[in-house]
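Remember, it's 1-based here, ligands and their atoms both numbered in the order they're listed.
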Amino acid sequence: MIPIAKPYLDKEEAESAYSVIMSGWVAQGPKVEEFEKKFCEYTGAEYAVAVSNCTNALHLSMIVSGISGGDEVICPSMSYIATANSVAYTGGIPVFAEVSPADYNLDPDNVRSLITVRTKAILVAHQIGMPADIDEFRKICRDNNLKLIEDAACAIGSEYKGEKIGVHSELVCFSFHPRKVMTTGEGGMITTNNKDYYERLKLLRQHAISISGKERHSSDKLTFEDHLETGYNYRMTDIQAAIGIKQLGKLDYIIKERRRIASLYISGLKDIDCIRLPLEPDNRKSNYQSFAIYLNEKSPLSRNEVMQKLLNEGISVRKGVMTSHRESAYRTKNELRLPVSEDLCDRSFMIPLYVPMDEKDIFHIINSLRKILKNII
Ligand SMILES: *Cc1c(COP(=O)(O)O)cnc(C)c1O
């Protein structure tokens with residue numbers, strides 16, 4: 001069975017984690033600091049704050065943006081549910097906007113139409129690695145005095161107008177879950193160019209403690225801490241950071257390979273007229289965290305039939321990105337309808353993409369899809 005995804009880990013990460021374990025300092029410490037510094041170098045961001053996962057990165061970003069009870073944050077429903085949850089944790093209200101079929105990202109016109117006096121922020125996701133049209137959302141935020149937060153869980157290494165995701169707005173959140181392009185087991189990062197945000201994020205991730213463990217351990221004076229506000233334990237460990245540093249070193253290769261495999265899929269499938277492929281709009285480069293195929297009305301088979309037939313060929317498949325507004329957690333009495341998001345979710349599926357991937361598996365997937373959808377190889 002060809003898996004849907006696989007992390008690119010080897011002895012390098014294992015040895016790196018081993019050294020941290022043997023050093024005796026395993027919690028947040030020098031490796032986390034080094035990982036943050038390297039993450040800034042990679043993305044071009046001024047500051048980076050490592051945390052335990054992207055959900056927590058988003059939660060802290062909501063807090064430093066001042067989101068609290070009753071505030072509205074416009075975000076996609078068609079996203080992993082963590083996007084909406086991060087708003088709900090603060091008592092804020094996720095206001096679900098439509099996405100565009102072209103890039104699976106928030107539709108700027110629909111976002112504009114949802115702005116009210118209670119709107120405080122827009123939470124843009126770069127879905128499955130394809131950058132959203134960030135400048136559009138920066139403009140909407142500027143015109144309406146809103147905060148912009150990027151859910152870049154899937155978009156490490158993706159590019160918008162020649163720059164890596166991580167530098168275009170004041171709060172950008174990344175994930176290092178194994179299903180993403182690089183991993184630390186679990187893990188997350190926030191990049192920012194705002195020094196005040198940076199300082200507060202560092203406090204909030206460790207119970208808003210006034211002095212760090214490092215300062216206390218290296219001080220020859222007796223020091224006592226204060227807890228400045230209600231903070232959280234959202235720390236990353238040095239074991240995770242040591243793995244992350246090695247993964248960062250491989251990231252350019254991983255993304256080059258992912259893009260090569262995606263282009264093989266695209267050239268092998270582009271003449272099939274009952275599907276839409278994930279093509280990049282001008283000035284945007286995807287890391288192809290996932291490869292989603294949309295099945296249009298011309299398809300001889302339903303989405304689930306296609307998925308079952310791929311499974312019969314030994315190919316793992318997943319359905320498209322979920323919609324949050326149809327989950328019990330967010331279902332409302334007056335049944336919100338988001339026809340574009342629902343259609344994209346219900347008619348799309350994902351095929352395997354990971355590094356390294358056997359050439360024969362890549363072509364088995366292309367040929368199976370051609371056979372199922374077109375009856376030709
Ligand atoms: C994976 C994902 C998250 C959550 O990331 P974790 O690190 O697992 O918390 C949030 N948003 C999107 C769009 C994701 O794909």
Does any part of the side chain of Cys345, heavy atoms only, come nearer than 4.5 Å to the side chain of Val321, both counted from C-beta?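 Val321 does not reach Cys345 side chain to side chain.
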
Any atom of ligand 1 sitting under 4.0 Å from a heavy atom of Gln289?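 False for this residue.
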
Report yes or no: does a heavy atom of Ser79 sit under 4.0 Å from some atom of ligand 1? yes

Identity and separation of the nearest protein heavy atom to [atom]:
{"atom": "atom 9 (O) of ligand 1", "answer": "Thr55 OG1, 2.5 Å"}
{"atom": "atom 14 (C) of ligand 1", "answer": "Lys180 NZ, 3.0 Å"}
{"atom": "atom 5 (O) of ligand 1", "answer": "Cys54 CB, 3.3 Å"}

When you compare the side chains of [X] and [Y], does any donor N or O come within less than 3.5 Å of an acceptor on the partner?
{"X": "Ser290", "Y": "Arg179", "value": "yes"}
{"X": "Ser263", "Y": "Arg260", "value": "no"}
{"X": "Tyr160", "Y": "Asp133", "value": "yes"}

Winner among Gly129, Ser290, Ser175 once heavy atoms are compared against atom 7 (O) of ligand 1: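 Heavy atom nearest to atom 7 (O) of ligand 1 belongs to Ser175.
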
Can you sort out which atoms of ligand 1 are near [X], meaning under 4.0 Å from one of its heavy atoms?
{"X": "Asn53", "result": "7 (O), 9 (O)"}
{"X": "Cys154", "result": "15 (O)"}
{"X": "Ala82", "result": "4 (C), 10 (C)"}

Return yes or no for this condition: an N or O of Asp151 is under 3.5 Å from an N or O of ligand 1. yes

Are any of the N/O atoms in Ala125 less than 3.5 Å from those in ligand 1? no

Taking everything shown except Met22 itself, do over 12 heavy atoms lie less than 6.0 Å from its CE? no

Scan Val111, Thr83, Ile149, Leu148 and name whichever one has a side chain to side chain contact (heavy atoms under 4.5 Å, CB included) with Val124.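 That would be Leu148; it is the only one of Val111, Thr83, Ile149, Leu148 passing the side chain to side chain contact (heavy atoms under 4.5 Å, CB included) with Val124.
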
Roughly how far, to the nearest 0.5 Å, is the CD atom of Glu136 from the SG atom of Cys141? 11.0 Å

